[in-house]
Amino acid sequence: MPAIFATAPGKIILFGEHAVVYNRPAIAVPVTQVHATSTVSADPRAPSGRVAINAPQINLSANLDELPEGDPIATAIRLTRQALGLTRLPACQIRITSTIPVASGLGSGAAVTVALVRTLSSFLGRPLPDEVVSSIAYEVEVIHHGTPSGIDNTVITYGLPVYFRRDRPLQSFQVAEPFTLLIADTGIRSPTSRTVGDVRRKWQAEPAHYEGIFDEIAAIAEQARAAIEKAQPGALGPLMDANHTLLQRLDVSSPELDHLVGTARAGGSLGAKLSGGGRGGNMIALVEPGKAAQVASALRQAGAVGVIQTLVGSQ
Ligand code: PMV
């Protein structure tokens, strides 16, 4: 059997994070500049059934049966095996690498799962359909996040711009005119489960107040989708600024995120906001292509540990 490999992109949420957990819409796009890669090859010399896993970025080099219960990679492998109705796997070697920064809102966990499920099921001769790949990635996200909305696994599995609402069928949408984003990393690793949990406690204490904020975020996400479809990407700048203010009111921003957002705006970006769970991870800034280098340099000087430039809608 030849080695099989697959990649899966990163993703970024453009609008609607946190509110999406409460059944409001969110918009996310794949980020193809970063990706996870999985390779599976037969290991005919290994004892029957031995699955060796090597994932250098997370210092993992172990056999499958040595991984603890609930390990995300072991869970992805088990769910793939079960989806195919198999009780055991042939001896093989799995190698996983990724250029997606971890725990920073770029979907590294979901991308690893999607790449792994695709390669393993193809290696076993029965590539799983996208719906199954996405639902396995969702179950693994539950381990990372607790109560994920499902947006990460969806956008990464389908590799398309996604307008997402919980428990509604997948909707993609057209990016009528590509636009340039900078994605700047604060370097602070912030678990999404923590900010999602904090927002939940606030919402439980004052539901009407927080439902109002979620409604305002939802209205922004709807306007943003319309602007993207109508080739008016410039309109996204003020919407990003307004969405960031609402995320501050949810208390999921941080001084570092606010500093990068302020730096982008002062440096000539058309609008900026945090992206993802918040309190760390990444922010995004909408820029005219001619100003991208200048704003990226200002962001680095302001402390960003990495800046990715992406053209949304070019895929
Ligand atoms: O931190 P990320 O990019 O994985 O995104 C989290 C987005 C939230 O809306 C905060 C949570 C969720 O599950 O949708």
Side-chain angles (χ1 to χ4, degrees), residues 8-31 34-36 72 98 100-114 134-135 137-157 161-168 170 181 183-203 210-211 213-218 220-221 224 240 243-244 246-254 256-257 260 273-284 306 308 310 312:
K11 73 98 207 353
I12 199 87
I13 297 181
L14 299 183
F15 293 94
E17 52 274 272
H18 286 288
V20 69
V21 175
Y22 300 83
N23 301 320
R24 276 30 172 226
I27 294 175
V29 292
V31 177
V34 287
H35 52 265
S98 175
I100 309 174
V102 295
S104 64
L106 286 174
S108 79
V112 163
T113 306
V114 167
S134 186
S135 77
Y138 178 80
E139 286 192 53
V140 177
E141 286 291 287
V142 169
I143 301 172
H144 290 294
H145 278 195
T147 54
S149 61
I151 192 166
D152 278 28
N153 51 288
T154 304
V155 68
I156 288 171
T157 299
V162 162
Y163 170 92
F164 181 88
R165 275 189 89 148
R166 261 188 127 141
D167 304 325
R168 300 254 180 115
L170 171 70
L181 281 186
I183 305 169
D185 191 349
T186 58
I188 297 166
R189 301 289 162 247
S190 168
T192 298
S193 55
R194 191 169 306 155
T195 49
V196 168
D198 287 352
V199 172
R200 183 163 300 277
R201 275 184 286 281
K202 287 177 196 293
W203 170 76
Y210 285 93
E211 287 288 332
I213 297 180
F214 299 148
D215 283 341
E216 286 188 63
I217 293 176
I220 289 172
M240 287 167 75
N243 196 162
H244 186 71
L246 291 163
L247 289 162
Q248 287 173 317
R249 284 172 56 198
L250 293 180
D251 194 24
V252 296
S253 194
S254 67
E256 295 81 4
L257 281 166
L260 292 184
K273 64 182 277 293
L274 73 85
S275 175
R279 302 241 180 92
N282 282 282
M283 54 75 69
I284 54 177
I308 296 168
T310 186
V312 177

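Order of appearance sets the numbers: ligands from 1, and atoms from 1 within every ligand.
For ligand 1, the polar-atom distance check against E17 finds no nitrogen or oxygen pair separated by under 3.5 Å. The shortest N/O to N/O separation between G105 and ligand 1 falls below 3.5 Å. Where the criterion is an N or O separation shorter than 3.5 Å, residue side chain and backbone included, G277 meets it with respect to ligand 1.
The distance from ligand 1 to the heavy atoms of V20 drops below 4.0 Å at these ligand atoms: 9 (O), 14 (O). Of all atoms in ligand 1, numbered sequentially from 1 with element shown, those under 4.0 Å from a heavy atom of S149 are 12 (C), 13 (O), 14 (O). Interface of I13 with ligand 1, defined as ligand atoms under 4.0 Å from a residue heavy atom, comprises 5 (O), 7 (C). Each of the following atoms of ligand 1 lies closer than 4.0 Å to a heavy atom of H18: 8 (C), 9 (O), 10 (C). The atoms of ligand 1 that sit less than 4.0 Å from any heavy atom of D152 are 4 (O).
With S275 contributing its side chain and M283 its backbone, the two residues share no donor-acceptor pair below 3.5 Å. Checking side-chain atoms of N153 against main-chain N and O of S134 turns up a donor-acceptor pair under 3.5 Å. H18 places a side-chain N or O within donor-acceptor distance of the main-chain N or O of G277, the cut-off being under 3.5 Å. When atom types are taken as modelled, the side chain of R201 and the backbone of V199 share no donor-acceptor pair closer than 3.5 angstrom.
The protein heavy-atom contact nearest to atom 6 (C) of ligand 1 is T192 CG2, 3.6 Å.
Note on ligand 1: K11 sits in its first shell, one or more heavy atoms being nearer than 4.0 Å.
At a 4.0 Å heavy-atom cut-off, ligand 1 does not touch I12 at all. Contacts between V21 and ligand 1 below 4.0 angstrom, taking non-hydrogen atoms only, involve the side chain exclusively. Looking at T195 against ligand 1, nothing comes within 4.0 Å, counting heavy atoms.
Using a 4.0 Å cut-off between charged side-chain N and carboxylate O, R24 and E211 make a salt bridge. Taking the charged nitrogens against the carboxylate oxygens, K273 and E17 do have a contact shorter than 4.0 Å, which makes a salt bridge.
Atom CG of L106 sits about 5.5 Å away from atom CD1 of I308, to the nearest 0.5 Å.
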I would like to know whether N282 and T186 meet side chain to side chain contact (heavy atoms under 4.5 Å, CB included); could you show each step before the answer?
CA-CA 6 Å; N282 282 282; T186 58; over 6 Å; no
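Each of D198, T192, T195 was checked for a side chain to side chain donor-acceptor pair (under 3.5 Å) with R279, and the lone residue meeting it is D198.
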